[in-house]
Amino acid sequence: MLIELKNINKINITSFQNDLITWFQQEKRDLPWRKDRDPYKVWVSEIMLQQTRVDTVIPYFNRFIEWFPDIDALAEAEEDKVLKAWEGLGYYSRVRNLQSAVREVKEKYHGKVPDTREEIATLKGVGPYTAGAILSIAYGIPEPAVDGNVMRVLSRILLIWEDIAKASTRKVFEEAVRKLISHEDPSSFNQALMELGALICTPTSPSCLLCPVREHCQAFEEGVQNELPVKTKKTKTREVQLAAAVLLNEDGKILIHKRPSDGLLANLWEFPNVELHHPIQHERGTIMDLFENSLGLNVHLNKVIGQIEHVFSHLVWKIKVYIGTINNKIEENSEWKLVSTEEIEEYAFPVSYQKMYQLFLKQQRTPK
DNA sequence: TAACCGTGGCT
DNA sequence: TAGCCAAGGTT
């Protein structure tokens, strides 16, 4: 760590801070979470922005703040409505953790978001980056907020060759930021590093000729900006075969199921489905048996209406989609619901099952 | 440490 | 197109 950071001595820190912050003040994007420094809104935006693009987040952020304008509103909301607000954003545990943490802030901290790293970092879903982001942006405290942008930018400026895919590497950059950060304007400094990474110092083909801190950049000086940062490749995804069905009862209502409260897509809704472990199970009759065993209901699968391939970050679902019927009377409870096509809009589904529902609607429009 | 946890845009 | 990538956190 010390060996890497010797390159900090080559930086004129005051000049670097000034060039970076001046550029940021002139060029920063007008984003909805930059309208004020409300710690709650900063917090919501930082959670949404985790592994998610700015353009994707903007409409979600606006609607989320409209539905849940403050800590009280989110603390008191139904989880199903909170998940509906997050529908399509991905990484759904983020918002369940956020609501849990907001409730803790309401009860334990009288509704005020903590302003120390020790306290804020204990909140669910608030890791080292998010803690630093809230502390610096909402409270003006000079704490590092090291995300992928910051590691990319500083790896180039300081010529740091450590693998940023390794979790332990983040500490190297936090130490660097602690030495570089402006104590006059920590908020602008941290945001400027990220903004620079997003707009200028991009992963591929960085716009060095437009860069406000080019003269401080050791990678540019050596012509190796395209070799940084060092990031090892991830392992490839595994494949899961599923059969899923839109099942209608005698009244034309659709059977839906709430997923378990942990693991993939936790607490989101889905259509009944079974995993196909062996090739032999791909016969329709066998799949019907699997459904009946899994649901404890008399199921008839009418026909296949399509095939869906859905890619997650670490696995691929290949879903054979059926339309079918159920004869038995079903007891609705917290886990199983029979819903009309109007009522279904109130439930949060992952994108894979939204695609499946679109297949069903298309089938309804063009019967036989 | 490395796997898990989503989605959509880009090359 | 298939892989890479984006303001990470949890286990």
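We name chains A, B, ... by the order of the sequence lines, and we start the count at 1 in each one.
For the pair Arg238(A) and Thr204(A), nearest-nucleotide mapping onto DNA chain B gives the more 5' position to Arg238(A). The residue among Leu123(A) and Ala198(A) whose nearest nucleotide of DNA chain C is located toward the 5' end is Ala198(A). Position along DNA chain B of the nearest nucleotide to Thr56(A) versus Lys166(A) favours Lys166(A) as the more 5'-ward residue.
Note on Lys355(A): nothing from the nucleic acid sits closer than 4.0 angstrom, heavy atoms only. Within 4.0 Å of Trp317(A), counting heavy atoms only, lies no atom of the nucleic acid at all. Residue contacts shown for Arg170(A) are absent, as no nucleic acid heavy atom lies under 4.0 Å away.
With dA6(C), dG6(B), dG8(C) as the choices, the nucleotide that has an atom nearest any side-chain atom of Phe312(A) turns out to be dG6(B).
A salt bridge is absent between Glu78(A) and Lys81(A); no separation between the charged side-chain nitrogens and carboxylate oxygens falls under 4.0 Å. Checked for salt-bridge contact, Lys258(A) and Glu270(A) miss the test: no charged N lies under 4.0 Å from a carboxylate O.
Checking the phosphate oxygens (OP1, OP2) of dC5(B), a side-chain nitrogen or oxygen of His314(A) falls inside 4.0 Å. For the pair His310(A) and dT7(B), the criterion of a side-chain N or O lying under 4.0 Å from OP1 or OP2 is met. Proximity of Lys124(A) to the phosphate of dG8(C): no side-chain N or O atom is located under 4.0 Å from OP1 or OP2.
Taking 3.5 Å as the limit, the base of dG6(B) and the side chain of Ser313(A) contain a donor-acceptor pair of atoms between them.
Distance CZ (Arg94(A)) to P (dG9(C)): 11 Å, rounded to an integer number of Å. Asp262(A) has its CG atom 12 Å from the C1' atom of dT11(C), to the nearest Å. Between the NZ atom of Lys171(A) and the P atom of dG9(C) there is a distance of 12 Å, rounded to whole Å.
Across the P atoms, dA3(B) and dC4(C) are found 15 Å apart, a figure rounded to whole Å. Rounded to the nearest Å, the gap between the P atom of dG8(B) and that of dG9(C) is 22 Å.
Distance alone, capped at 3.5 Å, is enough to place a donor-acceptor pair between the Arg117(A) side chain and the Pro128(A) backbone.
Between the side chains of His216(A) and Asp19(A), at least one donor N or O sits under 3.5 Å from an acceptor N or O.
Partners of Trp336(A) by ring pair (Phe, Tyr, Trp, His ring centres under 6.0 Å), not counting sequence neighbours, listed by chain and number: His257(A).
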